[in-house]
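Heads up: the structure comes next, in C-alpha coordinates.
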2 protein chains.
Amino acid sequence: MYDKCLPAMPAAADSAFETDSTQLARRLKALAHPARLSIIEILAERDECICGEIVADLPLAQSTVSQHLKALKEAGLVQGSVDGPRTCYCLDPAAVAALEDDLGAFFDDLSPTAADCC
Amino acid sequence: MYDKCLPAMPAAADSAFETDSTQLARRLKALAHPARLSIIEILAERDECICGEIVADLPLAQSTVSQHLKALKEAGLVQGSVDGPRTCYCLDPAAVAALEDDLGAFFDDLSPTAADCC
DNA sequence: ATCGTACATCGCAATTGAACGATAAGACTA
DNA sequence: TAGTCTTATCGTTCAATTGCGATGTACGAT
(Lines give C-alpha, C1' and ligand atoms only; values in the text may rest on other atoms or scores of the structure.)
Protein backbone atom coordinates (compact mmCIF):
# COMPACT_ATOMS: atom_id res chain seq x y z
CA MET A 1 0.00 0.00 0.00
CA TYR A 2 1.14 3.53 0.28
CA ASP A 3 -0.89 5.32 2.90
CA LYS A 4 -2.14 8.12 0.77
CA CYS A 5 -0.08 10.98 -0.48
CA LEU A 6 -1.04 14.11 1.38
CA PRO A 7 0.58 16.27 2.40
CA ALA A 8 2.25 15.75 -0.92
CA MET A 9 4.86 13.16 -0.17
CA PRO A 10 6.22 14.79 2.94
CA ALA A 11 9.69 14.43 4.39
CA ALA A 12 10.06 11.89 1.66
CA ALA A 13 13.70 10.95 1.57
CA ASP A 14 14.57 10.94 5.23
CA SER A 15 11.82 8.68 6.46
CA ALA A 16 12.31 4.96 6.71
CA PHE A 17 8.56 4.58 6.33
CA GLU A 18 8.54 4.97 2.64
CA THR A 19 6.73 2.16 0.93
CA ASP A 20 7.99 0.65 -2.27
CA SER A 21 5.32 2.38 -4.26
CA THR A 22 6.17 5.75 -2.82
CA GLN A 23 9.87 5.18 -3.25
CA LEU A 24 9.54 4.25 -6.88
CA ALA A 25 6.97 6.92 -7.61
CA ARG A 26 9.25 9.59 -6.25
CA ARG A 27 12.07 8.63 -8.59
CA LEU A 28 9.74 8.23 -11.52
CA LYS A 29 8.41 11.70 -10.88
CA ALA A 30 11.93 13.02 -11.17
CA LEU A 31 12.14 11.36 -14.55
CA ALA A 32 8.68 12.33 -15.73
CA HIS A 33 9.53 15.59 -17.38
CA PRO A 34 10.93 16.06 -20.87
CA ALA A 35 13.48 18.58 -19.71
CA ARG A 36 14.80 16.26 -17.04
CA LEU A 37 14.89 13.35 -19.44
CA SER A 38 16.91 15.50 -21.82
CA ILE A 39 19.24 16.53 -19.04
CA ILE A 40 19.91 12.93 -18.17
CA GLU A 41 20.62 12.11 -21.80
CA ILE A 42 22.98 15.02 -22.07
CA LEU A 43 24.83 13.99 -18.94
CA ALA A 44 25.19 10.49 -20.32
CA GLU A 45 26.44 11.66 -23.71
CA ARG A 46 29.22 13.80 -22.39
CA ASP A 47 31.28 11.86 -19.94
CA GLU A 48 32.68 15.20 -18.94
CA CYS A 49 30.69 16.92 -16.26
CA ILE A 50 29.11 20.08 -17.54
CA CYS A 51 26.39 22.43 -16.48
CA GLY A 52 26.41 25.60 -18.51
CA GLU A 53 26.35 23.37 -21.56
CA ILE A 54 23.09 21.91 -20.40
CA VAL A 55 21.58 25.35 -20.32
CA ALA A 56 22.91 25.99 -23.80
CA ASP A 57 21.36 22.78 -25.08
CA LEU A 58 17.90 23.37 -23.71
CA PRO A 59 15.35 26.04 -24.62
CA LEU A 60 15.02 27.02 -21.00
CA ALA A 61 16.25 29.78 -18.77
CA GLN A 62 19.28 29.16 -16.62
CA SER A 63 17.25 29.31 -13.45
CA THR A 64 14.80 26.76 -14.76
CA VAL A 65 17.54 24.33 -15.67
CA SER A 66 19.06 24.83 -12.26
CA GLN A 67 15.79 23.85 -10.66
CA HIS A 68 15.50 20.72 -12.77
CA LEU A 69 19.02 19.78 -11.80
CA LYS A 70 18.11 20.28 -8.18
CA ALA A 71 15.14 17.98 -8.59
CA LEU A 72 17.30 15.30 -10.15
CA LYS A 73 19.84 15.70 -7.37
CA GLU A 74 17.16 15.39 -4.72
CA ALA A 75 15.98 12.22 -6.40
CA GLY A 76 19.53 10.95 -6.11
CA LEU A 77 19.93 10.33 -9.81
CA VAL A 78 22.50 13.04 -10.36
CA GLN A 79 25.49 14.24 -8.42
CA GLY A 80 26.83 17.74 -8.41
CA SER A 81 30.15 19.03 -7.19
CA VAL A 82 31.58 22.49 -7.21
CA ASP A 83 34.53 22.94 -9.54
CA GLY A 84 35.92 26.39 -9.18
CA PRO A 85 33.44 28.94 -10.46
CA ARG A 86 31.25 26.31 -12.06
CA THR A 87 29.38 23.26 -10.93
CA CYS A 88 29.98 19.85 -12.30
CA TYR A 89 27.06 17.50 -12.69
CA CYS A 90 27.02 13.88 -13.60
CA LEU A 91 24.81 10.85 -13.37
CA ASP A 92 25.00 8.64 -10.33
CA PRO A 93 25.47 5.30 -12.09
CA ALA A 94 24.52 3.32 -9.00
CA ALA A 95 21.28 5.18 -8.54
CA VAL A 96 20.43 4.88 -12.21
CA ALA A 97 21.13 1.16 -12.10
CA ALA A 98 19.05 0.79 -8.96
CA LEU A 99 16.15 2.53 -10.61
CA GLU A 100 16.53 0.37 -13.66
CA ASP A 101 16.47 -2.71 -11.45
CA ASP A 102 13.45 -1.59 -9.49
CA LEU A 103 11.61 -0.81 -12.68
CA GLY A 104 12.57 -4.18 -14.06
CA ALA A 105 11.21 -5.86 -10.95
CA PHE A 106 8.04 -3.84 -11.19
CA PHE A 107 7.42 -4.85 -14.77
CA ASP A 108 8.32 -8.45 -14.05
CA ASP A 109 5.66 -8.60 -11.39
CA LEU A 110 3.21 -7.38 -13.98
CA SER A 111 4.03 -9.84 -16.69
CA PRO A 112 2.07 -12.88 -15.40
CA THR A 113 -0.99 -11.15 -16.71
CA ALA A 114 0.06 -11.32 -20.30
CA ALA A 115 -3.46 -11.48 -21.66
CA ASP A 116 -5.86 -8.61 -21.43
CA CYS A 117 -9.28 -9.44 -20.17
CA CYS A 118 -11.63 -6.72 -21.31
CA MET B 1 15.04 18.09 -27.70
CA TYR B 2 11.56 18.73 -26.61
CA ASP B 3 10.59 22.30 -27.35
CA LYS B 4 9.75 23.36 -23.85
CA CYS B 5 6.70 22.25 -21.97
CA LEU B 6 4.25 25.12 -21.78
CA PRO B 7 1.37 25.10 -21.95
CA ALA B 8 1.78 22.00 -19.86
CA MET B 9 2.06 19.27 -22.40
CA PRO B 10 -0.85 20.36 -24.56
CA ALA B 11 -2.96 18.27 -26.87
CA ALA B 12 -0.53 15.59 -25.95
CA ALA B 13 -1.79 12.37 -27.38
CA ASP B 14 -3.27 13.51 -30.65
CA SER B 15 -0.31 15.41 -32.03
CA ALA B 16 2.24 13.77 -34.24
CA PHE B 17 4.72 16.38 -33.09
CA GLU B 18 5.54 14.73 -29.87
CA THR B 19 9.21 14.21 -29.35
CA ASP B 20 10.55 11.06 -27.79
CA SER B 21 11.28 12.84 -24.55
CA THR B 22 7.78 14.22 -24.31
CA GLN B 23 6.24 10.91 -25.24
CA LEU B 24 8.15 9.02 -22.61
CA ALA B 25 7.72 11.70 -19.99
CA ARG B 26 3.98 11.65 -20.44
CA ARG B 27 3.77 7.95 -19.74
CA LEU B 28 6.20 8.15 -16.87
CA LYS B 29 4.09 10.86 -15.32
CA ALA B 30 1.13 8.51 -15.40
CA LEU B 31 3.25 6.02 -13.49
CA ALA B 32 4.78 8.52 -11.11
CA HIS B 33 2.24 8.33 -8.36
CA PRO B 34 2.04 5.73 -5.62
CA ALA B 35 -1.70 5.30 -6.02
CA ARG B 36 -1.38 4.67 -9.74
CA LEU B 37 1.50 2.28 -9.23
CA SER B 38 -0.66 0.39 -6.76
CA ILE B 39 -3.56 0.36 -9.17
CA ILE B 40 -1.39 -1.15 -11.85
CA GLU B 41 -0.13 -3.79 -9.47
CA ILE B 42 -3.68 -4.62 -8.45
CA LEU B 43 -4.78 -4.91 -12.05
CA ALA B 44 -1.89 -7.25 -12.75
CA GLU B 45 -2.57 -9.44 -9.71
CA ARG B 46 -6.16 -10.10 -10.50
CA ASP B 47 -6.52 -11.26 -14.04
CA GLU B 48 -10.18 -10.53 -13.61
CA CYS B 49 -11.13 -6.98 -14.41
CA ILE B 50 -12.27 -5.18 -11.32
CA CYS B 51 -12.86 -1.64 -10.28
CA GLY B 52 -14.76 -1.42 -7.04
CA GLU B 53 -12.14 -3.73 -5.63
CA ILE B 54 -9.49 -1.18 -6.42
CA VAL B 55 -11.34 1.37 -4.38
CA ALA B 56 -11.62 -1.12 -1.55
CA ASP B 57 -7.89 -1.80 -1.66
CA LEU B 58 -6.79 1.80 -1.56
CA PRO B 59 -7.16 4.37 1.19
CA LEU B 60 -8.75 6.79 -1.22
CA ALA B 61 -12.22 7.99 -2.03
CA GLN B 62 -14.04 6.46 -4.96
CA SER B 63 -13.88 9.67 -6.93
CA THR B 64 -10.16 9.92 -6.44
CA VAL B 65 -9.56 6.40 -7.65
CA SER B 66 -11.75 7.11 -10.63
CA GLN B 67 -9.56 10.05 -11.51
CA HIS B 68 -6.40 8.00 -11.26
CA LEU B 69 -7.94 5.37 -13.47
CA LYS B 70 -8.81 8.06 -15.96
CA ALA B 71 -5.22 9.26 -15.95
CA LEU B 72 -3.95 5.76 -16.59
CA LYS B 73 -6.46 5.32 -19.37
CA GLU B 74 -5.41 8.58 -20.97
CA ALA B 75 -1.82 7.42 -20.84
CA GLY B 76 -2.95 4.33 -22.68
CA LEU B 77 -1.67 1.95 -20.05
CA VAL B 78 -5.07 0.76 -18.96
CA GLN B 79 -8.23 -0.13 -20.80
CA GLY B 80 -11.73 0.24 -19.45
CA SER B 81 -14.95 -1.20 -20.74
CA VAL B 82 -18.42 -0.94 -19.39
CA ASP B 83 -19.79 -4.20 -18.11
CA GLY B 84 -23.37 -3.73 -17.07
CA PRO B 85 -23.58 -1.52 -14.05
CA ARG B 86 -19.88 -1.69 -13.39
CA THR B 87 -16.77 -0.83 -15.32
CA CYS B 88 -14.07 -3.31 -16.08
CA TYR B 89 -10.49 -2.17 -16.08
CA CYS B 90 -7.41 -4.01 -17.11
CA LEU B 91 -3.88 -3.39 -18.20
CA ASP B 92 -3.11 -2.91 -21.84
CA PRO B 93 -0.31 -5.47 -22.18
CA ALA B 94 0.91 -4.00 -25.44
CA ALA B 95 1.19 -0.52 -24.00
CA VAL B 96 2.92 -1.81 -20.90
CA ALA B 97 5.36 -3.77 -23.01
CA ALA B 98 5.98 -0.74 -25.20
CA LEU B 99 6.73 1.39 -22.20
CA GLU B 100 9.03 -1.28 -20.84
CA ASP B 101 10.85 -1.36 -24.16
CA ASP B 102 11.16 2.39 -24.41
CA LEU B 103 12.49 2.57 -20.89
CA GLY B 104 14.93 -0.19 -21.68
CA ALA B 105 16.16 1.73 -24.69
CA PHE B 106 16.45 4.87 -22.63
CA PHE B 107 18.57 3.19 -20.00
CA ASP B 108 20.65 1.43 -22.63
CA ASP B 109 21.57 4.75 -24.17
CA LEU B 110 22.72 5.85 -20.78
CA SER B 111 24.92 2.90 -19.97
CA PRO B 112 28.02 3.86 -22.03
CA THR B 113 28.79 6.28 -19.26
CA ALA B 114 29.35 3.65 -16.64
CA ALA B 115 31.83 5.66 -14.63
CA ASP B 116 30.91 8.75 -12.72
CA CYS B 117 33.15 11.69 -13.23
CA CYS B 118 32.71 14.01 -10.29
C1' DA C 1 -41.80 2.77 -11.79
C1' DT C 2 -38.69 3.00 -8.09
C1' DC C 3 -34.88 1.93 -5.58
C1' DG C 4 -30.04 0.77 -4.89
C1' DT C 5 -25.55 -0.09 -6.64
C1' DA C 6 -21.50 1.35 -9.34
C1' DC C 7 -18.93 4.78 -11.71
C1' DA C 8 -18.05 9.10 -13.68
C1' DT C 9 -17.99 13.84 -13.50
C1' DC C 10 -18.31 18.50 -11.42
C1' DG C 11 -16.93 21.90 -8.32
C1' DC C 12 -13.98 23.22 -4.74
C1' DA C 13 -9.71 23.86 -1.80
C1' DA C 14 -5.00 23.23 -1.04
C1' DT C 15 -0.65 22.03 -2.76
C1' DT C 16 2.72 21.47 -6.06
C1' DG C 17 5.04 22.30 -10.60
C1' DA C 18 7.07 24.88 -14.24
C1' DA C 19 8.82 28.83 -15.89
C1' DC C 20 10.89 33.28 -15.66
C1' DG C 21 13.52 37.51 -14.21
C1' DA C 22 16.17 39.48 -10.71
C1' DT C 23 19.38 39.10 -7.37
C1' DA C 24 22.97 36.98 -4.33
C1' DA C 25 27.16 34.28 -3.70
C1' DG C 26 31.41 32.31 -5.10
C1' DA C 27 35.57 32.11 -7.90
C1' DC C 28 38.77 33.44 -11.20
C1' DT C 29 41.04 37.71 -13.87
C1' DA C 30 42.80 42.04 -14.74
C1' DT D 1 40.03 45.96 -5.64
C1' DA D 2 36.92 45.88 -9.30
C1' DG D 3 34.85 43.37 -12.71
C1' DT D 4 33.21 39.23 -14.96
C1' DC D 5 31.50 34.78 -15.26
C1' DT D 6 28.88 30.88 -13.39
C1' DT D 7 25.49 28.99 -10.66
C1' DA D 8 22.06 28.97 -6.91
C1' DT D 9 18.24 30.93 -4.81
C1' DC D 10 14.23 34.14 -4.16
C1' DG D 11 9.90 35.84 -5.42
C1' DT D 12 6.23 35.77 -8.55
C1' DT D 13 2.84 34.05 -11.82
C1' DC D 14 -0.05 30.67 -13.87
C1' DA D 15 -1.40 26.04 -14.61
C1' DA D 16 -1.76 21.35 -13.21
C1' DT D 17 -2.32 17.88 -9.53
C1' DT D 18 -4.31 15.78 -5.70
C1' DG D 19 -7.94 14.97 -2.89
C1' DC D 20 -12.68 15.13 -1.38
C1' DG D 21 -17.82 15.45 -1.20
C1' DA D 22 -21.82 16.03 -3.90
C1' DT D 23 -24.24 15.23 -7.87
C1' DG D 24 -25.40 12.85 -12.15
C1' DT D 25 -26.02 8.72 -14.90
C1' DA D 26 -26.68 4.10 -16.15
C1' DC D 27 -27.89 -0.42 -15.19
C1' DG D 28 -30.34 -4.29 -12.46
C1' DA D 29 -33.38 -5.72 -9.34
C1' DT D 30 -37.54 -5.38 -6.77
Side-chain angles (χ1 to χ4, degrees), chain A residues 2-12 21-22 25-26 28-39 43 48-75 78-90 118, chain B residues 2-12 21-22 25-26 28-39 43 48-75 78-90 118:
Chain A
Y2 73 98
D3 199 25
K4 209 165 280 193
C5 189
L6 281 177
M9 304 189 186
S21 285
T22 311
R26 214 165 39 79
L28 284 176
K29 199 156 74 174
L31 233 56
H33 190 286
R36 291 194 289 269
L37 283 177
S38 295
I39 287 175
L43 288 179
E48 286 247 299
C49 303
I50 355 87
C51 172
E53 300 183 24
I54 301 174
V55 176
D57 280 12
L58 294 178
L60 294 173
Q62 176 266 323
S63 55
T64 306
V65 173
S66 196
Q67 283 192 50
H68 283 306
L69 283 166
K70 187 181 177 187
L72 288 170
K73 223 167 68 176
E74 282 172 355
V78 153
Q79 295 173 333
S81 63
V82 179
D83 170 29
R86 67 205 75 205
T87 307
C88 158
Y89 284 101
C90 59
C118 293
Chain B
Y2 73 97
D3 199 26
K4 208 165 282 193
C5 188
L6 282 176
M9 302 186 186
S21 285
T22 310
R26 215 165 40 78
L28 284 176
K29 198 158 76 174
L31 234 56
H33 190 286
R36 292 194 289 269
L37 282 177
S38 295
I39 288 175
L43 288 178
E48 287 246 299
C49 302
I50 357 85
C51 174
E53 301 182 23
I54 301 173
V55 176
D57 279 11
L58 295 177
L60 294 173
Q62 176 266 322
S63 57
T64 306
V65 172
S66 197
Q67 282 191 50
H68 284 305
L69 282 166
K70 187 181 177 187
L72 287 170
K73 222 167 67 177
E74 281 171 357
V78 154
Q79 295 173 333
S81 62
V82 179
D83 169 28
R86 66 205 75 206
T87 307
C88 158
Y89 283 100
C90 59
C118 293

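Just so it is clear: chains get the letters A, B, ... in the order the sequence lines come, proteins before strands, and each one is counted from 1. Side chains are part of it too, since the values below use all heavy atoms of this structure and drop only hydrogens, waters and symmetry mates.
- Screening B:I50, B:I39, B:D83, B:L43 against B:Y89 for a side chain to side chain contact (heavy atoms under 4.5 Å, CB included) leaves a single residue, B:L43.
- Heavy-atom distances to DNA chain C give each of A:P85 and A:A61 a nearest nucleotide, and the one nearer the 5′ end belongs to A:A61.
- Proximity of B:L60 to B:H68: side-chain heavy atoms (C-beta onward) are separated by under 4.5 Å at one or more points.
- The A:S66 side chain lies nearest to D:dA8 when the options are D:dC27, D:dA8, C:dC20.
- D:dA8 atom C1' lies 8 Å from atom OH of A:Y89, rounded to whole Å.
- If you take NZ of A:K70 and P of C:dA18, they are 13 Å apart, rounded to a whole angstrom.
- One can place CG of B:L60 at 10 Å from C1' of D:dT18, the figure rounded to the nearest angstrom.
- One can place CG of B:D83 at 13 Å from C1' of D:dA26, the figure rounded to the nearest angstrom.
- Under 4.0 angstrom from either OP1 or OP2 of D:dG19 there lies at least one side-chain N or O belonging to B:H68.
- One finds a side-chain N or O of B:H33 lying less than 4.0 angstrom from the OP1 or OP2 phosphate oxygen of D:dG19.
- Side-chain contact between A:L37 and A:L31 is present, with at least one heavy-atom pair separated by less than 4.5 Å.
- In this entry the distance linking NZ of A:K73 with P of D:dT9 reads 7 Å, nearest Å.
- Nucleotide C:dG17 holds its C1' atom 17 Å from the CG atom of A:L28, rounded to whole Å.
- Distance from the side chain of A:T64 is smallest to C:dC20 among C:dC20, D:dG28, C:dT9.
- For the OP1/OP2 pair of D:dT17 and a distance below 4.0 Å, the side-chain nitrogens and oxygens of A:K29 include no atom meeting the criterion.
- With values rounded to the nearest 0.5 angstrom, B:C51 atom SG is found 7.5 Å from B:Q62 atom CD.
- Using a 4.0 Å heavy-atom distance criterion, B:T87 is classed as a sugar-phosphate-only contact.
- The separation between A:L69 atom CG and D:dT9 atom P is 11 Å, rounded to whole Å.
- Here D:dC10 is the nucleotide among D:dC10, C:dA8, D:dT17 with the atom lying nearest to any side-chain atom of A:Q67.
- Nearest to the side chain of A:Q62, among D:dC27, C:dA22, C:dA27, sits C:dA22.
- Scanning both residues, B:S38 and B:L58, for their nearest heavy atoms gives CB-CD2, 3.8 Å.
- The nearest whole Å value for the distance from the CD atom in B:E53 to the P atom in C:dA6 is 11 Å.
- Side-chain N/O atoms of A:R86 include none lying less than 4.0 angstrom from OP1 or OP2 on C:dC28.
- Of the two residues near DNA chain C, A:G84 and A:S63, the one whose nearest nucleotide lies more 5' is A:S63.
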